[in-house]
Number of protein chains: 2
Amino acid sequence: MPEATQRPYHHGQLRSALLAAAERSLRAHGEEQLSLRELAREIGVSHAAPRRHFPDRQALLDALAEAGFERLYTRLRAACTEAGDDFLPRLRATVAAYIRFATEDAALLELMFTSKHRPGADRLVVAADPAFDLMYDLIKQGQAAGELVEGDPERVGVVLFATMQGIATLVNGDMVKPELLDGLVDTAVEQFVRGARPA
Amino acid sequence: MPEATQRPYHHGQLRSALLAAAERSLRAHGEEQLSLRELAREIGVSHAAPRRHFPDRQALLDALAEAGFERLYTRLRAACTEAGDDFLPRLRATVAAYIRFATEDAALLELMFTSKHRPGADRLVVAADPAFDLMYDLIKQGQAAGELVEGDPERVGVVLFATMQGIATLVNGDMVKPELLDGLVDTAVEQFVRGARPA
DNA sequence: ACCTGAACACCGTTCAAGT
DNA sequence: ACCTGAACACCGTTCAAGT
């Protein structure tokens with residue numbers, strides 16, 4: 001490890017520096033505006049340098065999306081545990097945390113979910129698993145508590161996940177009237193719990 | 001109206017020709033690959049010609065999205081009426097038609113919904129209204145038939161719309177296990193109806 | 001192993017000029 | 001009114017060459 005006072009990215013840090021700069025650019029200006037050359041300029045390396053760490057632009061975007069899923073999972077887990085042990089508050093908190101993540105990082109969410117299956121994107125689908133699994137665990141808890149019907153947790157969980165994802169998309173696209181916005185998460189959770197509770 | 005045998009796009013047809021070519025390109029190669037210059041080449045005009053009809057690339061994409069909403073509405077309406085007069089079959093058919101549209105035209109759907117509110121995109125939000133309204137009318141029918149709880153149709157309708165949109169996103173991103181795919185729409189509809197039926 | 005510099009092919013956008 | 005042609009500034013990607 002050299003002192004690296006003037007050119008801190010000359011050795012070993014370029015990959016993480018690119019990811020950090022890309023994340024900022026994504027949040028500030030969206031995916032379309034993200035330019036590899038501009039990132040390289042910011043960091044102070046040549047425009048060809050990123051190639052050693054990301055074979056092309058898409059590889060960088062995929063890495064961002066992958067990191068996004070990890071952060072989403074961390075956030076959901078935090079919200080879930082902080083909400084205590086009971087099913088319903090946990091569910092509410094988790095859904096709310098998802099929507100918060102989605103609206104704060106709209107461009108990132110888009111990257112995470114709209115990466116139509118290209119060869120090599122399997123890593124991304126795998127990266128999404130923990131977040132899904134957390135949802136399924138929540139469903140299982142609800143079932144154990146007698147609040148949700150029995151049956152494959154994934155079957156009902158996917159629908160809940162889809163609803164959250166869809167709400168995020170509608171909100172980010174300004175397609176939900178402001179007066180409905182506040183109660184939207186509550187309505188969704190309430191409707192879900194009613195729809196999936198035991199007869 | 002001239003004969004226009006050799007250069008059919010020289011007068012008045014360029015706008016619609018661009019839209020048609022753009023729609024094909026979008027479906028075949030996605031949004032990122034869509035190039036104004038390439039469309040102009042295909043059609044046989046100079047690369048600067050599109051500018052008279054669409055001030056920039058985004059304007060063309062917005063027009064595509066707008067047309068997409070119109071086609072979505074037409075499809076939903078057709079599915080709805082063909083399904084007969086009863087609420088539940090209508091609901092099922094409409095949701096299924098939405099998912100069909102979404103998977104057949106994944107890239108278009110993305111354009112339609114992920115166009116984060118930029119100034120000038122109000123036209124798009126307005127274009128989406130009929131599809132939403134159709135959904136709300138369906139909700140109202142369900143309420144009149146006593147199958148759904150009373151209350152603001154939009155409040156419960158938005159959640160349903162979000163669920164459909166989210167399912168489309170998950171399916172298009174290959175994030176739902178194949179064995180769950182078939183029953184997904186049924187599960188979603190069933191869960192919705194249970195969640196929103198009168199106590 | 002990691003980065004540079006020049007080069008290539010392609011964009012979107014602009015604008016004076018043509019018809 | 002509608003289109004052309006040249007020009008500008010910017011990309012992503014490639015590759016020989018440097019350290």
Around atom CZ of B/Arg155, are there more than 12 heavy atoms from other residues, nucleotides or ligands closer than 6.0 Å? no

Please state how far atom CG in A/Leu39 lies from atom P in D/dC11, giving the value in whole angstrom units. 10 Å

Can you find a donor-acceptor pair, distance only, under 3.5 Å between B/His53 side chain and D/dA1 base? no

Rounded to whole Å, please give me the gap between CD in A/Gln33 and P in C/dC11. 18 Å

Applying side-chain contact (heavy atoms from CB on, under 4.5 Å), run through A/Leu148 and A/Phe87 and close with a yes or a no. CA-CA 10 Å; A/Leu148 299 181; A/Phe87 169 64; 3.6 Å; yes

If you assign each of B/His47 and A/His47 to its closest nucleotide in DNA chain D, which residue comes earlier from the 5' end? B/His47

Base D/dT4 to side chain B/Arg52, donor-acceptor N/O within 3.5 Å cut-off: no

Only pairs with both distances under 3.5 Å count, Watson-Crick or wobble alike; so what is the partner of D/dA16 in this structure? C/dT4

Closest of C/dG12, D/dT4, D/dG12 to the B/Leu36 side chain is C/dG12

A/Arg27 and A/Asp105: salt bridge (charged side-chain N to carboxylate O under 4.0 Å, His left out), yes or no, with the steps? CA-CA 6 Å; A/Arg27 204 185 320 240; A/Asp105 254 321; 3.1 Å; yes

If only side-chain N and O atoms of A/Arg41 are considered, is one of them under 4.0 Å from the OP1 or OP2 phosphate oxygen of D/dC11? yes

Any idea which of D/dC3, C/dC3, D/dC15 is nearest the A/Ala49 side chain? C/dC3

Taken to the nearest whole Å, CG/B/Leu60 to C1'/C/dC11 is 15 Å

Spacing of B/Glu42 atom CD relative to C/dC11 atom C1', expressed in whole Å: 16 Å

Under 4.0 angstrom between A/Ser35 side-chain N/O and D/dC10 OP1 or OP2: no

Examine B/Phe69 together with B/Phe113 and report whether their ring centres are nearer than 6.0 Å. yes

Write down the distance between CD (A/Glu38) and P (D/dT13), rounded to a whole number of angstrom. 16 Å

Residue matched to D/dC11 through Watson-Crick or wobble contacts both under 3.5 angstrom: none

Round to the nearest Å and state the distance from B/Glu32 atom CD to D/dC11 atom P. 16 Å

Which part of the nucleic acid, if any, lies within reach of B/Leu34 when heavy atoms closer than 4.0 Å are counted: base, sugar-phosphate only, or nothing? sugar-phosphate

Between atom CD1 in B/Ile43 and atom P in D/dC3, what is the gap in whole Å? 10 Å

Does a donor on one side chain and an acceptor on the other come within less than 3.5 Å for B/Gln141 and B/Asp137? no

Checking all strands, does B/Arg37 fall into the base, sugar-phosphate, or nothing category for heavy-atom contacts under 4.0 angstrom? base

CZ of B/Phe54 versus P of D/dC3: gap in Å, rounded? 12 Å

